[in-house]
**Q** 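Sharing a structure, written as structure tokens. Questions coming.
All residue numbers in this chain count up from 1 along the given sequence. Every number for a ligand or one of its atoms is a count from 1 in the order of the listing.
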Amino acid sequence: MAEQKQFEVLRWASLFLEKHDRESRVAEILLQHHLGVSRSQFFMLMQDQVPTDVADRFKKDIEAHVLTGVPVQHLMGYETFYGRDFTVNKHVLIPRPETEELVLHVIESAKDIEAEQLTIVDIGTGSGIIAITLALELPYSQVYATDISDDALAVARQNAAQLHADVTFLKGDFLQPVIDEKIRAHIIVSNPPYIAKSEALSISDTVKDFDPELALFAENNGLAAYEKIVDQAPAALQPKALLAFEIGHKQSEALHAIIHQTFPDSNVKTIKDIHKKNRIVSVKI
Ligand code: GLN
């Protein structure tokens, strides 16, 4: 096929995606990736010809996305989180923008904790985004991260190495390896699996078929991971500490109840995300 201009390639892809009920924004992200240009460069190059081999590779990816729902992040091999690129694959949850808000909350709350060196634990680290970002943004802290999946830990370790972050990774179930190592944290943070199994049918193929099941779903209406972590937390916390969780937007009340059972005197609050949905539960102990 003859070379096409960039805007023509983009228009073809956007229309093709729309026709198949996929987000047309995917076209822009993928084409930038295949051209190896930034977003601002991309908009200045609309009238340029796209080399045929680049256009062909791009079209193959667009077709694969339409056909199977494979996420762009898997096609590209990375996602940007808090301004840094993290390697992702089928073994880890793709980083979500909501989780940036959780990280920001922890960074801001860390200022209020008096300690010479903060000990921070990220539970169910997946690609490592939370632990690695905190280690880089709070360089005076000591950061640990746990996961039960060896495949996820391999991705997280690779990300920590690529981004030169000093994180200690521990394999195990939620806080168990932290308890075994007798680590006492000032901050425990987690974005655990929180989707109820009964909601599986309403989730798009891009998520359900590609994010690991272990990263998405939890028993007991999506609350099982919180119950486990809160149950283990007393053995892994400093006397004064912060717990910060990402939550599903309907889970705030249930999680408050779970926390109050174990920590009756704690100060628990819910914080909304930029879409005004309940997204973070933060606990001062
Ligand atoms: N902590 C990782 C993230 O926030 C993984 C979360 C998960 O697998 N549920 O992306």
**Q** Answer whether the closest heavy-atom distance between the side chains of R84 and T133 falls below 4.5 Å.
**A**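 The answer is yes; the side chains approach within 4.5 Å.
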**Q** At a 4.0 angstrom heavy-atom cut-off, what protein residues surround ligand 1?
**A**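 If the criterion is a heavy atom under 4.0 Å, then ligand 1 touches L93, T99, G124, T125, G126, I129, I130, N191, P192, P193, A215.
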**Q** Indicate the atoms forming the closest heavy-atom contact of V50 with Q6, along with that distance.
**A**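 In terms of heavy atoms, the two residues are closest at CG2-CA, 3.5 Å.
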**Q** Which Ile, Leu, Val, Met, Phe, Trp or Tyr residues join M44 in one cluster when any pair of side-chain heavy atoms under 4.5 Å counts as a link?
**A**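 Members other than M44 - counting any ILVMFWY side chain reachable under 4.5 Å - there are none.
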**Q** Under 3.5 Å, is there a donor on one side chain and an acceptor on the other for H74 and N89?
**A**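 N89 and H74 do not have a side-chain donor-acceptor pair below 3.5 Å.
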**Q** Listing request: all ring pair (Phe, Tyr, Trp, His ring centres under 6.0 Å) pairs with a residue in residues 212-231, at least two apart in sequence or in separate chains.
**A**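 Sorted pair list: Y226-F245.
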**Q** Enumerate the residue pairs fulfilling side-chain hydrogen bond (donor to acceptor under 3.5 Å, both in side chains) with a member in residues 110-122, sequence neighbours excluded, ordered by first and then second residue.
**A**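 Non-adjacent pairs meeting side-chain hydrogen bond (donor to acceptor under 3.5 Å, both in side chains): D122-T125.
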